[in-house]
Amino acid sequence: MRLELDADISADRPACWQRLGSATGAQLDRLCEVSERDNIGVRVIPCSAGAFPGAGQAVVYAEGPVPQLDTVELDSAHGPEFTHGQSQLDKYRAHLDWMEAASLSPSASRDFIHTIARQL
């Protein structure tokens with residue numbers, strides 16, 4: 001089974017200071033270190049990409065070799081919600097595809113995060 005975890009980290013410098021300012025340089029360096037593993041990806045979505053579907057919501061899209069078993073987990077105020085209807089899966093797959101297309105490459109994302117870490 002492949003598990004995709006997507007998170008947004010803004011690439012706009014003021015927003016990065018706001019969102020990443022509480023992180024330490026060591027924490028950001030560790031994030032970059034683990035992002036080099038085969039099963040972990042970290043990608044920065046630049047603020048120039050504008051608003052995007054699913055912003056501010058944690059989404060886990062679990063997919064495997066049998067598409068009928070795919071599931072999306074959404075975090076909400078009252079706990080996790082799971083959805084597996086085809087139209088919902090299509091919607092969240094489109095959201096994740098958009099985020100991937102709008103984001104920096106993994107190496108450019110790591111470079112950006114390292115730059116922020118060095119400035120902390």
Side-chain angles (χ1 to χ4, degrees):
M1 178 187 346
R2 186 174 130 206
L3 182 66
E4 247 181 68
L5 301 176
D6 288 286
D8 71 287
I9 300 174
S10 174
D12 180 50
R13 189 161 307 282
C16 283
W17 285 115
Q18 181 181 20
R19 297 185 93 182
L20 299 176
S22 64
T24 67
Q27 288 170 322
L28 295 176
D29 286 338
R30 178 71 176 143
L31 177 65
C32 290
E33 179 185 321
V34 299
S35 75
E36 294 185 30
R37 295 180 186 169
D38 290 339
N39 64 332
I40 296 176
V42 174
R43 297 184 69 149
V44 173
I45 299 175
C47 284
S48 61
F52 58 91
Q57 181 178 37
V59 176
V60 176
Y61 192 105
E63 64 183 341
V66 180
Q68 295 85 351
L69 299 177
D70 290 0
T71 300
V72 171
E73 178 191 358
L74 307 169
D75 285 341
S76 69
H78 58 277
E81 295 180 23
F82 296 91
T83 184
H84 55 273
Q86 191 59 51
S87 64
Q88 293 293 342
L89 291 173
D90 291 346
K91 178 179 94 169
Y92 285 104
R93 180 75 263 158
H95 289 184
L96 295 173
D97 289 346
W98 184 95
M99 287 183 219
E100 186 174 355
S103 66
L104 301 176
S105 70
S107 63
S109 295
R110 275 191 298 277
D111 291 345
F112 177 80
I113 295 169
H114 276 303
T115 298
I116 296 297
R118 283 192 300 273
Q119 295 176 6
L120 292 178

Side chain to side chain, [X] and [Y], heavy atoms closer than 4.5 Å:
X	Y	answer
Tyr61	Thr71	no
Gln86	Gln68	no
Leu89	Thr83	no
Val34	Arg30	yes

Query raised in the report: Ser107: what forms a side-chain contact (heavy atoms from CB on, under 4.5 Å) with it, not counting sequence neighbours?
Result: Ser105, Arg110
Query raised in the report: With Glu73, which residues qualify under side-chain contact (heavy atoms from CB on, under 4.5 Å), at least two apart?
Result: Val60, Asp75, Pro80, Phe82
Query - His84 side chain to Asp70 side chain, donor-acceptor N/O pair below 3.5 angstrom - result: no
Query - By salt bridge (Lys or Arg N to Asp or Glu O under 4.0 Å) - contacts of Asp38 (at least two apart) - result: none
Quick one: pull up [atom1] in [X] and [atom2] in [Y] and give me the separation to the nearest 0.5 Å.
X	Y	atom1	atom2	result
Ile116	Leu31	CD1	CG	12.5 Å
Ile113	Ser35	CD1	OG	6.5 Å
Asp90	His95	CG	NE2	11.0 Å
Glu33	His114	CD	NE2	9.0 Å

Least distance between heavy atoms, [X] atom then [Y] atom:
X	Y	result
Arg93	Glu63	NH1-OE2, 3.7 Å
Val44	Ser109	N-OG, 2.7 Å
Pro46	Ser103	CD-CA, 4.2 Å

